[in-house]
Amino acid sequence: MPKNTIGKVRTRFAPSPTGYLHVGGARTALYSYLYAKHTGGEYVLRVEDTDQVRSTEDALKMQVEDLLWLGLNWDEGPDPKTLKDLGSFAPYRQSQRLEIYKKYSDQILAQGKAFYCFCTDEDLERKRQKAMKEGRPPHYDGTCRKIDIETAKQKISRGEKGAVRFLVTHTHDVKFNDLIRGEVVFPPGMLGDFILLRSDGMPVYNFCCTIDDALMEITHVLRAEEHLSNTLRQLLIYEALGFEIPIFGHLSIILGADRQKLSKRHGDTSCHEYKEKGYLPEAIKNYIALLGWSSPKGQEIFTESELIEQFDLDRLNPAAAVFDEVKLKWVNAQYIRTMPHAELWQKLLPFFDGAGLKLPSDIEWQDKAIGLMKTSMETLVDAVELFRPLSLTELDLNDEGKEVLKWETSFKVITKWREKIEGCGKMYLSTAEFDAIINSVKDECNVKGKFLFMPTRVAIIGKPHGAELKQLVPLLSKDVLVARANRCLKI
RNA sequence: GUCCCUAUCGUCUAGAGGCCUAGGACAAUACCCUUUCACGGUAUGGACCCGGGUUCGAAUCCCGGUGGGGACGCCA
C-alpha cells in the first residue's frame with residue numbers, strides 16, 4: 001500500500017492539456033504550490049492526458065509556459081524545456097502510465113468489484129434519455145453485470161471491445177472531511193456503475209487520478225469544486241484498492257461578472273491573454289491568491305515570500321468568487337510602481353516594439369522616463385500610448401490638434417515657444433526650466449489657460465489633451481521639440 | 001428530475017454567540033493638490049438573501065424556503 005514515508009506535504013497540479021491555462025487552473029496550481037512551499041513540502045506537476053482526442057502536445061507546451069511565466073515551478077514532473085519526466089515517481093504523464101492502470105484494473109476485476117461492459121454508446125445514450133424522461137437518475141442500468149468474468153474474457157479474446165466498469169453496490173453513506181467544506185456526505189444511490197477503462201483500454205479521469213494520487217504519495221489534493229462529486233467515485237476506488245486517502249480540499253469556482261462559471265464566453269480567461277494585455281505575472285498571482293483566500297493580517301499586496309509565509313489552508317473561502325478585472329488592474333498598478341525601473345523597461349520593450357515605437361536606448365533616459373511615467377500606467381499596454389509622444393518618429397497631428405492650431409493666438413505661442421527652446425543651451429530641459437519657459441511665453445504673448453497650454457501641447461505631442469507636459473518635456477531633446485514646433489507652424 | 005456544495009456593501013473579503021452602531025480593499029461620489037489627465041491626500045454613501053427556531057443575546061448555531069454553482073459521460 002503506497003504510503004508517504006517522508007511525512008512531507010506533497011501537492012500536485014494535474015492539468016489536462018486541452019488548451020491554454022485558465023485563471024481557475026492557475027489559482028489551483030498557485031494554492032498547491034504555495035501550500036507545498038509553506039510547509040517545506042513538494043509540488044508535483046502531473047499531466048492528465050488520457051483524453052487522446054482533446055489532449056495535444058502543443059497545449060501541454062502552452063500550459064507549461066504559462067505556469068513558468070507565473071513562476072509556479074514544480075519539483076517533479078515534465079522538465080520545463082524538454083518535457084521529459086523528472087522525479088522519482090515518473091512518468092508523470094498519464095498516457096505513459098497505462099500499464100499501471102491496467103494492473104489495478106485487473107486487480108479490481110479479480111476482486112469482483114468491477115466487470116466488463118459491452119453496451120454500445122447508442123444503447124447507453126438511449127437508456128439515459130429514457131431514465132431522465134421517466135424521472136429516474138440517468139445511471140447505468142447494470143445490463144452487463146450478469147456477464148461472468150470468464151465469459152467476458154472469452155468475448156474479449158475473440159476481439160470484442162469491452163469497457164471495465166466499477167461495480168457500485170454500497171448501501172452506506174460515504175463521508176469524507178473536506179478541508180474547505182467540512183464533512184461531506186454522499187448518500188447511497190448517487191452513482192451508477194462507472195467506467196474505469198474505456199473499451200479501447202484507455203483509463204478515465206477518476207481512475208487514473210486516484211491511482212496516481214495514491215502512488216505519487218500526494219498528501220493534499222486541492223482541486224476545483226466541480227470535482228466534489230467525483231470524489232465519491234474516487235473514494236470507492238481508494239476503498240477497493242486499500243489505498244490511503246489523501247486530504248481533499250475543493251476550491252470554490254471562479255465566476256464571471258454575470259455570476260456564471262468563468263469561461264471563454266467571458267472573453268479573456270487565460271493567463272496567456274492577460275499576459276498579452278500587459279499584466280505582470282506577480283500581479284496575476286497576487287490577485288488570484290485573493291480570490292478565495294485572505295491574509296490573516298488583512299494584507300493585500302504581497303511579495304512571493306510573504307505569500308508563502310502567510311498562505312495556509314484554513315482561510316479558504318467555500319463560496320464562489322467573481323473575477324474582477326478592475327481590481328486586478330489596481331494590483332497590477334501597484335506592482336508596476338514598485339518594480340525597479342530597468343526591469344520594468346525590459347518588460348515594456350516587447351510592447352513598444354509591437355507598436356513600432358522607437359525610443360532612446362540611453363539607460364539614463366529610460367530610467368528618467370520610467371520614473372516620470374510609471375504612476376500613469378496600470379498595465380504594460382498603457383505604456384504604449386504614454387510613450388508614443390516620445391517616439392523618435394514623425395509627430396502625428398490629430399484633428400483636434402489641427403483645430404487648436406487654427407486659433408488666432410496659437411501661431412504666436414508656438415513661435416515663441418520654439419524661440420525659447422532654441423535659446424536654451426541644454427539638450428534636455430528640466431521641469432523647472434520648462435516652467436520658466438512657459439511662464440515667459442505666457443507673459444510675452446499675453447495668453448493664458450487653455451490658449452497657452454493647448455497649443456503648446458499640440459506643438460509637443462500633436463494633440464491638445466493627454467500627458468503631463470512636465471513629464472514629457474524633460475524626456476524630449478531640444479532638437480525634437482524644435483522639429484515638432486516647426487511642423488505645427490508649417491500648417 | 002435526483003443528489004452535492006454555497007449565500008456579508010456593486011466586487012473581493014474580515015467576522016469562530018456579546019468586542020458589530022458589521023471592519024478593510026477595489027470601484028463610485030465629493031473636496032484638496034494640480035494651469036489638462038493621472039498620482040497622491042481627505043471625506044461620504046453602500047451589505048449580513050427570506051422565514052422560522054435555539055439562546056438572556058444570532059451575521060455567527062439548527063431547520064425550511066429562495067437564489068447561485070456543480071454533478072449525475074467510454075470528458076477532465
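The structure presented is a predicted model; accordingly, all values stated were derived computationally and were not measured. Per chain, numbering begins at 1; letters A, B, ... match sequence-line order.
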Worksheet item: Taking atom C1' of A76(B) as reference, at what distance in whole Å does atom CD of Q234(A) sit?
Response: 11 Å
Worksheet item: Can you check the D382(A) CG to C37(B) P distance for me, whole Å?
Response: 18 Å
Worksheet item: Just by protein heavy atoms under 4.0 Å, how would nucleotides 60-72 of chain B read 5' to 3' in B, S and -?
Response: --------SBSSB
Item to complete: Please report, rounded to the nearest Å, how far the P atom of A76(B) is from the OH atom of Y101(A).
Response: 11 Å
Discussion item. Run the side-chain contact (heavy atoms from CB on, under 4.5 Å) test against V185(A) and tell me which residues pass, sequence neighbours left out.
Written reply: D173(A), K175(A), E183(A)
Practice prompt. Measure the distance from NE2 on H250(A) to P on C5(B) and round it to the nearest whole Å.
Written response: 12 Å
Practice prompt. Nearest-nucleotide wise, let me know which of I438(A) and D121(A) is further upstream toward the 5' end of RNA chain B.
Written response: I438(A)
Distances under 3.5 Å between nitrogen or oxygen atoms of protein and nucleotides 22-30 of chain B:
{"from": "A25(B)", "atom 1": "O4'", "to": "E300(A)", "atom 2": "OE2", "distance (Å)": "2.7"}
{"from": "A25(B)", "atom 1": "O2'", "to": "E300(A)", "atom 2": "OE2", "distance (Å)": "2.8"}
{"from": "A25(B)", "atom 1": "O2'", "to": "K327(A)", "atom 2": "NZ", "distance (Å)": "3.1"}
{"from": "A25(B)", "atom 1": "N3", "to": "K327(A)", "atom 2": "NZ", "distance (Å)": "3.2"}

Worksheet entry | Nucleic acid contacts of residues 195-209 of chain A, taken as heavy-atom distances under 4.0 Å to RNA chain B | I195(A), R198(A), S199(A), V204(A), Y205(A)
Discussion item. What contact category does P15(A) fall into here, base, sugar-phosphate, or nothing, at under 4.0 angstrom with non-hydrogen atoms?
Written reply: nothing
Worksheet item: When all nucleic acid strands are considered with a 4.0 Å heavy-atom cut-off, which category describes K329(A): base, sugar-phosphate, or nothing?
Response: nothing
Worksheet item: Mind checking what makes side chain to side chain donor-acceptor pair (under 3.5 Å) contact with K412(A), not counting sequence neighbours?
Response: none
Worksheet item: Partners of Q107(A) by side chain to side chain donor-acceptor pair (under 3.5 Å), sequence neighbours excluded?
Response: none
Fill in: Sequence-distant partners of K153(A), side-chain contact (heavy atoms from CB on, under 4.5 Å), two or more places apart
Y116(A), I149(A)
Item to complete: May I ask which nucleotide in the shown strands pairs with A71(B), Watson-Crick or G-U wobble, both distances under 3.5 Å?
Response: U2(B)
Worksheet, complete the sentence: For D123(A), the salt bridge (charged side-chain N to carboxylate O under 4.0 Å, His left out) test, sequence neighbours excluded, returns R126(A)
Discussion item. How about CD on E408(A), more than 12 heavy atoms from neighbouring residues, nucleotides or ligands closer than 6.0 Å, or not?
Written reply: no
Worksheet item: Under a 90° cut-off about 0 for the syn range, is C39(B) syn or anti?
Response: syn
Discussion item. Checking contacts here: which listed nucleotide (U11(B), U35(B), U6(B)) is nearest the side-chain heavy atoms of K470(A)?
Written reply: U35(B)
Fill in: salt bridge (charged side-chain N to carboxylate O under 4.0 Å, His left out) partners of D324(A), counting only residues at least two apart
none
Fill in: Verdict with reasoning, D49(A) to R54(A), per salt bridge (Lys or Arg N to Asp or Glu O under 4.0 Å)
CA-CA 8 Å; D49(A) 56 352; R54(A) 296 198 304 150; over 6 Å; no
Discussion item. Categorize V164(A) for me: base, sugar-phosphate, or nothing, with a 4.0 angstrom heavy-atom threshold over every strand shown.
Written reply: nothing
Fill in: Nucleotide opposite C39(B) in a Watson-Crick or G-U pair, distances under 3.5 Å
none
Discussion item. Can you pull out every salt bridge (Lys or Arg N to Asp or Glu O under 4.0 Å) where at least one residue sits in residues 288-302 of chain A? Sequence neighbours excluded, please.
Written reply: E300(A)-K327(A)
Practice prompt. For A14(B), give its Watson-Crick or G-U wobble partner with both distances under 3.5 Å, or none.
Written response: none
Worksheet entry | Under the side-chain contact (heavy atoms from CB on, under 4.5 Å) test, residues paired with K347(A) that sit two or more places apart | L280(A), P281(A), E282(A), M339(A), E343(A), L380(A)
Worksheet entry | salt bridge (charged side-chain N to carboxylate O under 4.0 Å, His left out) partners for K146(A), two or more places apart | none
Fill in: T210(A) and its side chain to side chain contact (heavy atoms under 4.5 Å, CB included) partner, picked from V221(A), I237(A), L236(A)
I237(A)
Worksheet item: If only side-chain N and O atoms of S294(A) are considered, is one of them under 4.0 Å from the OP1 or OP2 phosphate oxygen of C12(B)?
Response: no
